[in-house]
A.B. asks: 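Got a structure here, written out as structure tokens. Questions coming.
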Amino acid sequence: MDKVKVGINGYGTIGKRVADAVHQQEDMELIGISKTKPNYEAVMAQRMGYNVYTPSDKTSKMKDGGIKVAGTVEDMVNEADVIVDATPKGVGEKNKELYEKAGVKAIWQGGEDHEVAGFSFNADSNYNEAIGRDYTRVVSCNTTALCRLISNIDREYGVKKCRVTLIRRAADPSDIKKGPINSIVADPVKLPSHHGPDVQSVIPSIDISTMAVKVPNTMMHIHTVNMELKNDCSADDIKNLLAKNPRMHYLEPGITSTSETMELARDLGRPRNDMWENCIWEDSIDFYEGELYLLQAVHQEADVVPENIDAIRAMCELEKDADKSKSKTNKAMGIGTK
Ligand SMILES: NC(=O)C1=CN([C@@H]2O[C@H](COP(=O)(O)OP(=O)(O)OC[C@H]3O[C@@H](n4cnc5c(N)ncnc54)[C@H](OP(=O)(O)O)[C@@H]3O)[C@@H](O)[C@H]2O)C=CC1
Ligand SMILES: O=C(OP(=O)(O)O)[C@H](O)COP(=O)(O)O
């Protein structure tokens, strides 16, 4: 079978990681990435050997900045079988017309609304429903981690009700523009945060409510999770269940923080220090008055990356079996190798 041709529109935190992950897959060909500025990220893309495309009105600026331009974004879109849109929140929606005109499949990220694609995706939750689709949204980093956790537990024991508080990193490490620098922000003030409805956009049957705050930090989010289950089970049952999934990682002894988790990623030699898995404190998994509790950390820059790869495979019908797609993605990226 011919490799599926993938273009990445928007080469920032998520786009650069998805580009590398596509490049690693045997059944996909990265035809190029788009950049609007000739900065270090464009230089690095070029050094990686990736074709760099740019909006037509930016061509001179890119060339003047020393970047070899492969063509316009329109050229990339016309050449691709599928575009992964990883432009900033709100920009992706404006690109839809371009993708429709070219008749190309497209994947948006969690910053866009569900309605942009009309279908929201998580590989553990609804892979089969993505098969053959033209448009898909990979839900946000927090929602991805919640969908993974909830759908695994729901399949085995049934989730009656789920309540989550999210403590969110305020900005990414490279982000010099965002705050706060000395505050904890109730975001949003009013129930629910977008995460609960977003989980329901993937798994409509789940009763979930979420609250969220932002803290002045760049290293990961933390979720405090509380669930009522339909069927009896023990903490050990949950521990054993989650241990079977390569996209769940029990944190090593002595780790009590997101800083140490990122240090672990460095020690593991992960590319860009990425932890693609839900990082769960195994000892936090417990029952109190019949309800399940646990704590997990989420590496916001990383966990959606394998999900984009599985979404491409499902949409382009490269693999109809969810487990086989996830295994291919995991193997190529090194997920679950500890
Ligand atoms: N960061 C995160 O933690 C996560 C983000 N997401 C979602 O992923 C999406 C992308 O976010 P993220 O990677 O953080 O964003 P970034 O800002 O890091 O990257 C987006 C890149 O797109 C480029 N860009 C800007 N404007 C345009 C444009 N008009 N057309 C094409 N490219 C443009 C910019 O690069 P340049 O202009 O230099 O070319 C920028 O670096 C959002 O929907 C976000 O909500 C989802 C999960 C986690
Ligand atoms: O999707 C994310 O978080 P979210 O699920 O809390 O919205 C990413 O961390 C991006 O969030 P940002 O929009 O604050 O960069």
Side-chain angles (χ1 to χ4, degrees), residues 7-19 33-45 52-58 61-62 65 67 69 72-74 76-77 83-95 98 107-114 116-117 120-122 137-147 164-180 185 187-188 192-199 201 210-223 272 274-276 297-308:
I8 311 286
N9 197 11
Y11 191 72
T13 301
I14 302 300
K16 65 175 82 165
R17 287 172 167 81
V18 176
I33 62 98
S34 82
K35 278 287 300 166
T36 75
K37 296 188 202 89
N39 66 1
Y40 68 102
E41 289 171 314
V43 171
M44 287 307 296
V52 179
Y53 294 84
T54 196
S56 50
D57 61 337
K58 301 284 192 266
K61 191 171 103 181
M62 293 292 280
I67 302 299
V69 175
T72 63
V73 171
E74 283 79 4
M76 179 175 79
V77 169
I83 291 289
V84 177
D85 189 304
T87 56
K89 201 180 278 195
V91 176
E93 184 182 358
K94 299 194 187 103
N95 291 329
L98 179 64
I107 297 174
W108 287 271
Q109 308 305 310
E112 306 302 326
D113 291 338
H114 169 82
V116 174
S120 293
F121 176 82
N122 173 258
R137 174 182 75 139
V138 170
V139 286
S140 79
C141 47
N142 280 310
T143 314
T144 290
L146 287 173
C147 286
V164 184
T165 302
L166 301 97
I167 299 129
R168 300 150 82 188
R169 70 86 181 95
D172 289 336
S174 66
D175 200 337
I176 56 172
K177 292 185 191 148
K178 276 194 191 162
V185 183
D187 184 5
S193 67
H194 75 80
H195 311 92
D198 272 346
V199 167
S201 74
T210 52
M211 294 185 86
V213 297
K214 280 190 175 166
V215 294
N217 197 288
T218 63
M219 281 189 273
M220 309 183 79
H221 310 287
I222 281 189
H223 301 168
R272 295 194 174 91
D274 282 352
M275 291 300 288
W276 305 286
V298 179
H299 186 197
Q300 76 280 357
E301 299 165 285
D303 73 330
V304 297
V305 177
E307 307 297 328
N308 274 274

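Being a predicted model, the structure only gives us computed values, none of them experimental. Read the numbers this way: they start at 1 and go in the same order the structure lists the ligands and their atoms.
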A.B. asks: Holding to salt bridge (charged side-chain N to carboxylate O under 4.0 Å, His left out), I want the full list of residues that pass it with Asp187, two or more places apart in sequence or in another chain.
C.D. replies: Arg168, Lys214
A.B. asks: Could you tell me whether atom 24 (N) of ligand 1 has a protein heavy atom closer than 4.0 Å?
C.D. replies: yes
A.B. asks: Yes or no, since that's all I need: does a protein heavy atom fall within a distance strictly under 4.0 Å of atom 20 (C) of ligand 1?
C.D. replies: yes
A.B. asks: Contacts table for ligand 2: protein N or O within a distance under 3.5 Å of ligand N or O, distances only.
C.D. replies:
from, atom 1, to, atom 2, distance (Å)
ligand 2, 5 (O), Ser140, OG, 2.6
ligand 2, 5 (O), Asn142, ND2, 3.2
ligand 2, 5 (O), His195, NE2, 3.1
ligand 2, 6 (O), Asn142, ND2, 2.7
ligand 2, 6 (O), Arg168, NE, 2.6
ligand 2, 6 (O), Arg168, NH2, 2.9
ligand 2, 6 (O), His195, NE2, 2.8
ligand 2, 7 (O), Arg168, NH2, 3.4
ligand 2, 7 (O), His194, NE2, 2.7
ligand 2, 9 (O), Arg169, NH2, 3.0
ligand 2, 9 (O), His221, NE2, 3.2
ligand 2, 13 (O), Lys89, NZ, 2.9
ligand 2, 14 (O), Arg169, NH1, 3.4
ligand 2, 15 (O), Arg169, NH2, 3.2
ligand 2, 15 (O), Lys178, NZ, 3.0

A.B. asks: Who pairs with Glu93 by salt bridge (charged side-chain N to carboxylate O under 4.0 Å, His left out), at least two apart in sequence or on another chain?
C.D. replies: none
A.B. asks: At what distance is the nearest protein heavy atom to atom 35 (O) of ligand 1, and which residue and atom is it?
C.D. replies: Lys35 NZ, 3.7 Å
A.B. asks: Identify whether the distance between the nearest side-chain nitrogen and carboxylate oxygen of Glu41 and Lys16 falls below 4.0 Å.
C.D. replies: yes
A.B. asks: Show the numbers, then the answer: is there a side chain to side chain donor-acceptor pair (under 3.5 Å) between Asp85 and Thr87?
C.D. replies: CA-CA 6 Å; Asp85 189 304; Thr87 56; 2.5 Å; yes
A.B. asks: Does any part of the side chain of Leu166, heavy atoms only, come nearer than 4.5 Å to the side chain of His221, both counted from C-beta?
C.D. replies: no
A.B. asks: Note the single closest protein heavy atom to atom 14 (O) of ligand 1, along with its residue, its atom name and the distance in Å.
C.D. replies: Thr13 CB, 3.7 Å
A.B. asks: Would you confirm whether Ser193, through its side chain, and Pro188, through its main-chain N or O, come within 3.5 Å as a donor-acceptor pair?
C.D. replies: no
A.B. asks: Got Lys37 and Lys58 here, is their nearest side-chain heavy-atom distance under 4.5 Å?
C.D. replies: no
A.B. asks: Quick check: does any side chain N or O of Thr210 sit under 3.5 Å from a backbone N or O of Gly196, one acting as donor and the other as acceptor?
C.D. replies: yes
A.B. asks: Which option, Ala302, Cys141, Ala86, owns the non-hydrogen atom nearest atom 47 (C) of ligand 1?
C.D. replies: Cys141
A.B. asks: Can you tell me the protein heavy atom closest to atom 48 (C) of ligand 1 and the distance?
C.D. replies: Gln300 O, 3.1 Å
A.B. asks: For Arg137, give me all partners under salt bridge (charged side-chain N to carboxylate O under 4.0 Å, His left out), at least two apart in sequence or on another chain.
C.D. replies: Asp198
A.B. asks: Give the residue and atom name of whichever protein heavy atom lies nearest to atom 26 (N) of ligand 1, and the separation in Å to one decimal.
C.D. replies: Pro88 CD, 3.8 Å
